[in-house]
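Here the structure is a predicted model, which means the values were calculated and not measured. We number each residue from 1, following the sequence as shown.
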Amino acid sequence: MLIDLCWHLPSGIIDRSYRPSIVDAEIGRIATFDVEITKHTPPPVQARRRLPYRILCGNDTGWLNLVFFNAKADWLARNLPIGQRRIISGRVESFRDALQIVHPDHILTEAEFADMPIIEPIYPLTTGLNAKPLSKAIRNALAVLPDLAEWQEQNWLKKQNWPNWQTALQQAHAPQTMADLLPDTLARQRLAYDELLANQLALALVRARRRAKPGLVLAGTGEKQAELRKILPFSLTPAQEAVIKDITHDMAADKRMLRLLQGDVGSGKTIIAFMAMLAAVESGKQAAIMAPTEILARQHAQTLIPLCDEIGIQAALLTGRHKGKKRNEILADLAQGDIQIIIGTHALFQEDVQFHGLGMIVVDEQHRFGVHQRMTLSAKGQEKQGVDVLVMTATPIPRTLTLAVYGDMDISRLREKLPGRKPIKTRLISLDRIDEVIASLKRLIESGRQAYWVCPLVAESETVDLAAAEARAKMLQKIYGGAVGLIHGQMKNKEKDAVMKQFQDGALAILVATTVVEVGVDIPKASVMIIEHAERFGLSQLHQLRGRVGRGATDSNCLLLYRPPLGDMAQARLKIMRKTEDGFLIAEEDLALRGTGELLGTRQSGLPTFRIADIELHADLLPAIYDDTKLILESDPKLTSERGKALRLLLYLFRRDEAIRYLESG
């Protein structure tokens with residue numbers, strides 16, 4: 001879409017105003033010269049692919065070589081004819097005591113140069129995308145910007161001294177100095193406000209639509225919850241009790257519940273979800289909990305089904321592995337209402353899965369599911385009444401981001417770990433001492449304990465000098481044989497599940513992996529987490545990986561192996577890891593260190609990204625955006641006024657129109 005080009009803002013500038021004499025030109029600087037073409041020297045035919053095509057040009061201040069690799073001679077002859085004047089712009093280099101420009105950025109006639117901007121924006125690129133066609137496409141998109149109705153409130157716009165959106169876009173794409181690239185310029189502030197308003201308005205519309213739809217009243221009797229409390233070998237914490245109270249209050253209301261439960265690793269989210277599902281069962285409805293992987297679904301089943309058996313609840317597991325007669329039996333029992341709690345994976349989305357009366361859905365690690373998948377499961381409830389939804393995540397999100405990201409949900413936070421969870425000792429070790437770390441694994445294996453060894457790549461790379469999981473696994477297998485397993489994201493799900501089961505059963509002592517173990521199963525005997533090239537991981541990612549250990553009675557350790565010397569950013573990250581295990585504090589520190597652009601862009605977080613806005617840098621705009629959104633929905637909930645119609649267009653421009661349709665699923 002053209003609008004996507006418009007939202008792709010420049011990240012730098014090229015200043016072509018430097019026009020020195022050739023003899024005085026600074027090496028390494030972009031310079032512009034008015035020269036006459038003197039001589040063409042093509043490479044010998046037999047060396048055409050290795051040697052460049054050289055063109056000599058100059059003026060009364062000196063000589064300059066233009067160098068082209070793999071260029072077509074006829075194109076060069078047409079564009080750089082001998083005896084003609086051309087204006088050349090590019091980075092000046094020195095080669096064998098002569099000045100040269102390799103592949104000039106611009107080769108122009110005097111008339112063409114008059115139309116070229118002296119200050120050029122630089123745009124972020126990705127693989128397969130070249131600067132010149134991208135810049136041209138963006139210029140063409142900006143040239144056809146329509147004159148749209150204003151969606152901002154006029155008095156607010158005037159108070160902020162912001163331009164209209166067309167002017168703001170044109171200014172953002174035409175920086176004259178580096179200062180014009182900063183997020184606090186009037187143009188970028190205006191565009192950031194637009195994007196954040198579109199996001200918040202979409203979330204608010206979803207929330208309003210959800211609340212307008214009647215929900216199931218799942219008050220429960222408390223009988224099964226009381227029975228569960230009697231058989232649990234532990235008492236719930238005050239924090240857990242408070243969250244359960246909030247959830248059961250929501251479920252008892254006649255409005256559909258959509259609540260996010262944020263809990264750090266080891267905070268006890270699963271038992272809270274189980275209590276909520278029991279409230280649904282007590283109310284005569286069915287409940288479902290879905291996990292992103294089969295191994296996690298099986299772990300939930302191993303935990304919950306025995307508890308269900310003890311309190312007289314019929315529960316079952318349904319995954320992609322269930323086939324034939326066994327699957328048909330589960331589906332029949334589910335459709336008849338005999339199964340009250342179903343535990344599963346994406347298999348729950350399939351069309352042949354029908355419920356007798358679905359009242360409650362729990363989504364574990366919600367960011368691992370697509371919105372359309374959650375929507376499909378939600379649709380399996382009653383048409384006239386919305387199914388209650390509880391989504392859980394172990395990814396701590398900074399408070400600054402919570403409303404911007406999850407404004408359509410009610411939010412509960414579990415800040416504390418469960419009693420008995422021992423602290424994890426975190427140590428920084430230089431990769432120069434890796435042999436000592438490898439040797440220490442012998443004692444670990446002999447004691448019956450287990451370890452994770454995490455690497456940042458799957459296979460060896462010629463371009464990046466980082467540890468590869470496959471190579472590390474082979475090396476460790478030479479020393480420890482079949483006690484070492486390997487798991488990575490490029491393996492098929494069945495293969496990954498098989499390896500994880502071996503590790504879970506104790507058949508493997510060392511599991512070499514990429515970050516696929518970031519969200520994984522409980523392995524009580526896994527007491528050591530080794531992260532190789534830890535300086536290359538984000539803070540939140542390091543924290544999630546560390547949370548894979550410390551789940552048993554044994555003292556646990558996290559070894560962060562790094563390649564010295566450390567940069568300032570990496571040093572700060574690893575220092576924070578040593579200082580605290582509080583995931584929410586770590587998320588705040590990560591935000592401060594990296595900014596939301598990178599934090600929200602990480603695949604592990606699963607959070608939406610913003611094209612222009614930076615939540616941290618534009619945080620001062622958020623209070624006004626929340627107030628503005630509230631005012632819009634109070635005065636024009638259907639967006640039918642003149643401003644409302646313009647706001648509909650704003651949602652479309654930032655692709656939030658789809659969010660209105662799909663986010664209803666949670």
Side-chain angles (χ1 to χ4, degrees), residues 10-140 173-178 181 462-463:
S11 57
I13 59 172
I14 294 177
D15 185 349
R16 300 194 185 279
S17 61
Y18 178 55
R19 301 191 64 176
S21 61
I22 294 176
V23 70
D24 294 328
E26 293 181 31
I27 304 300
R29 189 170 176 182
I30 291 174
T32 303
F33 303 101
D34 188 338
V35 295
E36 182 178 322
I37 309 305
T38 303
K39 181 182 179 182
H40 281 232
T41 307
V45 175
Q46 64 272 22
R48 190 165 291 169
R49 291 188 177 182
R50 293 185 292 105
L51 298 179
Y53 192 117
R54 294 182 178 274
I55 298 176
L56 181 66
C57 59
N59 55 34
D60 56 8
T61 69
W63 297 101
L64 179 70
N65 280 309
L66 307 180
V67 180
F68 300 88
F69 289 89
N70 301 317
K72 294 183 179 179
D74 56 346
W75 183 89
L76 293 173
R78 284 197 311 273
N79 286 276
L80 292 159
I82 293 173
Q84 294 290 312
R85 286 181 59 208
R86 290 291 184 269
I87 296 176
I88 307 296
S89 186
R91 193 171 301 278
V92 180
E93 298 177 1
S94 177
F95 181 73
R96 294 180 179 174
D97 298 327
L99 294 183
Q100 67 177 25
I101 294 178
V102 178
H103 289 280
D105 300 329
H106 293 283
I107 301 170
L108 306 167
T109 63
E110 196 166 354
E112 290 170 334
F113 181 73
D115 295 330
M116 187 190 84
I118 299 301
I119 307 295
E120 281 188 76
I122 300 174
Y123 292 97
L125 300 175
T126 188
T127 304
L129 192 62
N130 296 321
K132 282 189 177 180
L134 175 62
S135 296
K136 183 179 180 181
I138 290 173
R139 286 197 301 272
N140 291 341
H173 282 280
Q176 297 302 300
T177 67
M178 291 299 291
L181 300 168
E462 294 179 2
T463 56

Heavy-atom side-chain proximity of [X] to [Y] below 4.5 angstrom:
X: Pro175; Y: Ile119; result: no
X: Ser135; Y: Lys132; result: no
X: Asn70; Y: Tyr53; result: no
X: Trp63; Y: Cys57; result: no
X: Ile30; Y: Asp15; result: no
X: Leu134; Y: Leu125; result: yes
X: Lys39; Y: Arg54; result: no
X: Thr38; Y: Ile82; result: no

Specify the closest pair of heavy atoms between [X] and [Y], including all atoms of both residues, with the distance to one decimal.
X: Ile22; Y: Leu99; value: O-CD1, 3.1 Å
X: Val67; Y: Pro52; value: CG1-CB, 3.5 Å
X: Gly12; Y: Leu181; value: CA-CD1, 3.4 Å
X: Arg86; Y: Asn79; value: NE-O, 3.0 Å
X: His173; Y: Pro121; value: O-CG, 3.6 Å
X: Ile13; Y: Gln176; value: CD1-O, 4.0 Å

Geometric cation-pi criterion Arg29 and Tyr18, 6.0 Å radius, 45° cone: yes
Do we see a donor-acceptor contact under 3.5 Å between the side chains of Thr32 and Arg19? no
Please report the interatomic distance [atom1]([X]) to [atom2]([Y]), rounded to the nearest 0.5 Å.
X: Glu93; Y: Ile27; atom1: CD; atom2: CD1; answer: 8.5 Å
X: Glu36; Y: Leu56; atom1: CD; atom2: CG; answer: 10.5 Å
X: Ser89; Y: Ile101; atom1: OG; atom2: CD1; answer: 7.0 Å
X: Leu108; Y: Glu110; atom1: CG; atom2: CD; answer: 11.0 Å
X: Phe33; Y: Thr61; atom1: CZ; atom2: OG1; answer: 7.5 Å
X: Ile87; Y: Arg16; atom1: CD1; atom2: CZ; answer: 12.5 Å

CA sep, side-chain torsions, deciding dist, call: Val102, Phe69, side chain to side chain contact (heavy atoms under 4.5 Å, CB included): CA-CA 8 Å; Val102 178; Phe69 289 89; 4.2 Å; yes
Between Arg91 and Asp105, is a salt bridge (Lys or Arg N to Asp or Glu O under 4.0 Å) present by the stated rule, with each step listed? CA-CA 8 Å; Arg91 193 171 301 278; Asp105 300 329; over 6 Å; no
Whether the side chain of Gln84 engages the backbone of Pro81 through a donor-acceptor N/O pair (distance < 3.5 Å, no angle test) should be reported. no
Using the ring-ring contact (aromatic ring centres under 6.0 Å, His included) rule, take Phe68 and His40 through it: C-alpha gap first, then chi angles, then the decisive distance, then the call. CA-CA 11 Å; Phe68 300 88; His40 281 232; 8.8 Å; no
